Colleague: 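One structure, as structure tokens, below. Some questions next.
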2 protein chains.
Amino acid sequence: MAQSPSTARKPSAREKLLDAAIILIRQSGFAATSVDDLCKAAGVTKGAFFHHFESKDALGAAAARHWGDTTSGLFASAPYHDPADPLDRVLAYIDFRRDLIAGEIPEYTCYAGTLVQEAYGASVDIRDACASAIFEHAKTLEADIAEAAERYGVEVDAPSLARHTQAVLQGGFILSKAAGNDGPVRESINHLRRYVELLFGRSDSPGETA
Amino acid sequence: MAQSPSTARKPSAREKLLDAAIILIRQSGFAATSVDDLCKAAGVTKGAFFHHFESKDALGAAAARHWGDTTSGLFASAPYHDPADPLDRVLAYIDFRRDLIAGEIPEYTCYAGTLVQEAYGASVDIRDACASAIFEHAKTLEADIAEAAERYGVEVDAPSLARHTQAVLQGGFILSKAAGNDGPVRESINHLRRYVELLFGRSDSPGETA
DNA sequence: TGCTACATACCGACCGGTTGGTATGTTTGT
DNA sequence: ACAAACATACCAACCGGTCGGTATGTAGCA
């Protein structure tokens with residue numbers, strides 16, 4: 001990183017390509033999205049593309065980092081951090097993830113999860129960038145989970161449970177893609193919530209009905 | 001199902017192409033696997049390919065059905081059906097899925113899950129074939145879950161929980177692809193087991209340690 | 001201020017290789 | 001003999017990537 005002189009004021013070709021990649025690749029996949037498709041959607045030319053990225057793979061990896069940056073900003077400023085009780089914060093996070101599911105499938109699914117499944121064997125750069133986006137986000141959940149475990153006297157591996165929440169979401173996305181609707185993800189998020197409630201011995205469920 | 005003239009005695013080009021597709025596409029994805037790659041791996045020529053399949057998409061969908069047939073045979077004859085208690089059968093299924101995880105990533109991940117993520121927006125045939133493989137398998141778990149729910153007096157939506165088990169597996173596969181090892185799937189399967197135990201009020205865990 | 005020197009951002013025509021698909025054989029089982 | 005099962009040869013479109021060039025700064029110096 002460290003390329004753009006401080007903050008670029010107008011949306012440069014680089015930014016537009018990154019944004020286009022996140023939209024188009026979630027729709028059609030990485031290999032099925034051509035460089036020309038990306039350029040057309042971003043309103044730039046191929047010259048601009050290869051001026052900013054040395055290859056299509058490099059764009060894919062850079063977009064994964066961009067995705068990580070964008071989403072981490074979204075989650076950092078989300079209201080699920082407000083509750084005083086750590087378990088409430090964890091449950092509020094799960095509810096927040098469920099609330100995020102709206103619109104068409106490519107709009108609420110995960111760029112990193114989509115990309116890594118397709119490219120894990122072909123490009124280490126892409127795989128690492130996607131892994132970082134997923135696992136770094138999971139790490140932000142560890143503190144609340146660990147605090148809840150201590151307060152409620154429950155024995156849990158906090159990093160493991162944090163990763164599991166992401167697995168449930170990613171898997172729900174896949175079933176929803178297969179089903180063609182958001183039913184499966186919503187269902188699985190509800191099961192995840194129930195798991196956390198049972199783990200920590202809480203029985204209410206202020207979320208929606210399954 | 002029901003296409004080959006009775007039982008083909010020797011591995012025809014069609015069978016070999018189907019098997020090659022399941023291996024190669026799990027390794028590299030659908031779009032990144034060319035028809036020539038498939039033919040080379042199957043030891044046949046392009047003429048044979050387009051004699052049996054009218055397009056590459058058609059091969060992808062046929063391979064998903066083939067995958068569904070193969071795996072349903074495997075699960076039907078697996079030993080997890082043996083226990084007398086329905087909850088034991090459900091837990092044995094989960095343990096069986098964990099035991100299936102061995103070798104390299106493309107060997108234990110799901111063809112249908114991999115393919116549908118990439119092609120859900122491009123081909124309805126492929127999407128439907130993958131959805132069928134996933135959700136039909138989930139349906140085979142419903143009876144044991146429903147029976148366990150009744151016996152243990154627990155209120156659960158059996159079809160929903162059955163689908164959730166598949167979501168956890170698919171999500172685990174994605175995290176494992178990102179991580180480069182089977183740690184994440186194994187972890188998530190353990191969480192799934194713990195969820196089922198807690199749901200049905202059982203506290204032992206004869207599975208492996210997390 | 002005004003000129004040179006150089007960097008960055010971007011354009012779009014173009015290239016060679018690859019792709020999915022086709023047209024036309026030849027072999028094989030019955 | 002005849003159709004199904006395969007092989008061989010080929011094609012047009014498309015793909016990622018390159019290249020020569022331009023427009024717009026901006027830093028240095030007199």
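Since this is a predicted model, take the numbers as computed values, not measurements. Atoms considered below: every heavy atom in the structure, side chains included; atoms not considered: hydrogens, waters and symmetry mates. In the text below, chain A, chain B and the rest are named by the order of the sequence lines, each starting its count at 1.
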Colleague: List in chain and number order the residues that pass salt bridge (charged side-chain N to carboxylate O under 4.0 Å, His left out) with A:Asp85, two or more places apart in sequence or in another chain; answer none if no residue qualifies.
Modeller: A:Arg151, A:Arg202

Colleague: With sequence neighbours excluded, tell me which residues meet side chain to side chain donor-acceptor pair (under 3.5 Å) with A:Tyr80.
Modeller: none

Colleague: Verify the contact: side-chain N or O of A:His52 to OP1 or OP2 of C:dC10, cut-off strictly under 4.0 Å; return yes or no.
Modeller: yes

Colleague: What is the distance from CZ of B:Phe53 to C1' of D:dA5, rounded to the nearest Å?
Modeller: 13 Å

Colleague: Phosphate oxygens OP1/OP2 of C:dC10: is one of them under 4.0 Å from a side-chain N or O of A:His51?
Modeller: no

Colleague: Please identify each residue that fulfils salt bridge (charged side-chain N to carboxylate O under 4.0 Å, His left out) with B:Lys40, with sequence neighbours left out.
Modeller: none

Colleague: Within this structure, what is the CG-to-P distance between A:Leu38 and C:dC11, rounded to whole angstrom?
Modeller: 15 Å

Colleague: Does the side chain of A:Gln117 come under 3.5 Å of the side chain of B:Thr114 through a donor N or O and an acceptor N or O?
Modeller: yes

Colleague: Please enumerate all residues that pass salt bridge (charged side-chain N to carboxylate O under 4.0 Å, His left out) together with B:Asp182, with sequence neighbours excluded.
Modeller: B:Arg186

Colleague: Using a 4.0 Å heavy-atom cut-off to protein, can you give one letter per nucleotide of nucleotides 12-17 of chain D, 5' to 3': B if the base is in contact, S if only the sugar-phosphate is, - if neither?
Modeller: ---SBB

Colleague: Who passes side chain to side chain donor-acceptor pair (under 3.5 Å) against B:Arg89, sequence neighbours left out?
Modeller: B:Asp144, B:Glu147

